[in-house]
Amino acid sequence: MSCFDEPSAPITVYILENNHLAAQYLLDILSLDTHIDARTISEISYSATNAPCILLMDQVTFLRCVQKLKILYPFARVLLIGQRNFKKQMLQHVPHEIAGFVEYPEISGNLAPMIRKIWRACSGGATDAADVISLSSPAYSEFCQKLTKREIAVVELMKRRLSNKEIASILDISEATVKFHVTNIFSKTNISRRRELFSIFQEMGQAENDRWAS
């Protein structure tokens, strides 16, 4: 079973929040969902490099430590909370670093469901490709149309520049199976190498920025 599958064990969520009252508010909301194991950390120094997780923080914290996050939490997905008028500032990182965004007034009702949706998307375990890619740009949606759920899961990890061996370990499959999926992905998208894939993702991110800026 993949460590990203619909959880038999709780989803690990790290809340990066220095304000004790704000952290407790988020913990209280997430404690209502038995599939979520939420913990607070006050500094971006705790490393979870060997385990997939979701990082929950506001946009100010994210912008301050985004580079450090990539190093300490390479397998993590970032879920931001913030004000709607700050959302455009985050789009320069979409769809590569940010997995989801919940506005402050929607936290009580939407936070836990968004965490579960992100987790399903990480595993390729959603009901169809459209649900898996719903958190990303229209260009990425079109890119994934011909891919299977498992291939999308592999693409999601390839976007993080992980090797076939690392992808195999995360998805709990053989390295040969990962190579098989990568070959199919390249064939279906008319791509011949990973460098070309990364270039396409960069273009998608820029196109998304332009779309929202216009």
Side-chain angles (χ1 to χ4, degrees), residues 3-42 44 48 51-66 69 73 75-141 144 149 152-153 156 159-160 204-205 208-209 211-212:
C3 53
F4 277 126
D5 287 338
E6 185 71 6
S8 55
I11 303 167
T12 300
V13 178
Y14 293 110
I15 302 172
L16 278 69
E17 177 58 68
N18 289 311
N19 184 295
H20 175 72
L21 292 178
Q24 189 59 53
Y25 172 65
L26 296 172
L27 279 174
D28 289 345
I29 291 173
L30 296 180
S31 67
L32 299 176
D33 192 315
T34 58
H35 288 96
I36 297 175
D37 176 19
R39 315 168 189 180
T40 59
I41 49 178
S42 59
I44 190 66
C53 63
I54 291 176
L55 300 177
L56 174 61
M57 70 197 79
D58 61 34
Q59 69 266 1
V60 175
T61 302
F62 175 77
L63 291 174
R64 187 176 67 243
C65 59
V66 58
L69 286 172
Y73 300 85
F75 300 140
R77 293 293 170 140
V78 174
L79 171 56
L80 296 185
I81 55 177
Q83 298 176 359
R84 182 177 182 84
N85 59 345
F86 280 105
K87 193 171 183 178
K88 285 188 178 181
Q89 296 180 21
M90 303 296 106
L91 291 174
Q92 61 183 308
H93 304 285
V94 176
H96 305 292
E97 281 86 15
I98 300 175
F101 189 98
V102 177
E103 297 176 24
Y104 286 137
E106 301 174 349
I107 286 176
S108 60
N110 292 348
L111 187 58
M114 178 63 80
I115 287 172
R116 293 172 66 85
K117 186 173 185 179
I118 291 172
W119 199 259
R120 289 197 307 271
C122 290
S123 68
T127 55
D128 54 45
D131 191 31
V132 172
I133 59 180
S134 63
L135 298 175
S136 294
S137 67
Y140 186 53
S141 173
C144 291
K149 291 183 289 185
I152 292 173
E156 283 292 306
K159 283 166 58 178
R160 305 182 73 82
M204 287 180 185
E208 186 72 357
N209 293 345
R211 183 172 73 90
W212 282 89

**Request:** Compare every heavy atom of L27 with every heavy atom of A38, then report the nearest pair and how far apart it is.
**Result:** O-CD2, 3.4 Å
**Prompt:** If you measure from OG1 on T12 to CH2 on W119, what distance do you get to the nearest 0.5 Å?
**Reply:** 6.0 Å
**Asked** Quick one: does E17's side chain get under 4.5 Å of T40's, heavy atoms only?
**Response** no
**Asked** Are I107 and I29 side-chain neighbours, meaning at least one heavy-atom pair lies under 4.5 Å?
**Response** yes
**Prompt:** Taking C-beta and beyond as the side chain, do R116 and D33 meet within less than 4.5 Å on heavy atoms?
**Reply:** yes
**Exercise: identify the closest heavy-atom pair between S108 and Y25** = CB-OH, 4.1 Å
**Message:** I15 vs I41, test: side-chain contact (heavy atoms from CB on, under 4.5 Å). Steps then yes/no.
**Reply:** CA-CA 6 Å; I15 302 172; I41 49 178; over 6 Å; no
**Prompt:** Looking at side-chain heavy atoms only, is the closest gap between L26 and L111 below 4.5 Å?
**Reply:** yes
**Least distance between heavy atoms, R77 atom then A99 atom** = CB-CB, 4.0 Å
**Request:** Report yes if some heavy atom in the side chain of D37 is under 4.5 Å from a heavy atom in the side chain of I11; otherwise report no.
**Result:** no
**Prompt:** Any side-chain heavy atom of Y104 within less than 4.5 Å of one from D58?
**Reply:** yes
**Prompt:** Quick one: do the D28 and S31 side chains pair a donor with an acceptor below 3.5 Å?
**Reply:** no
**Message:** Determine whether a donor-acceptor pair (N or O, by modelled atom type, separation under 3.5 Å) exists between the side chain of E103 and the backbone of P105.
**Reply:** no
**Fill in**
All heavy atoms of L79 vs all of M114, minimum pair found to be CD1-CG, 3.6 Å
**Message:** Is there a side-chain contact between L80 and M57 in this structure, where contact means two heavy atoms from C-beta onward sitting under 4.5 Å apart?
**Reply:** yes
**Prompt:** Can you check whether V78 reaches I54 side chain to side chain, under 4.5 Å on heavy atoms?
**Reply:** no
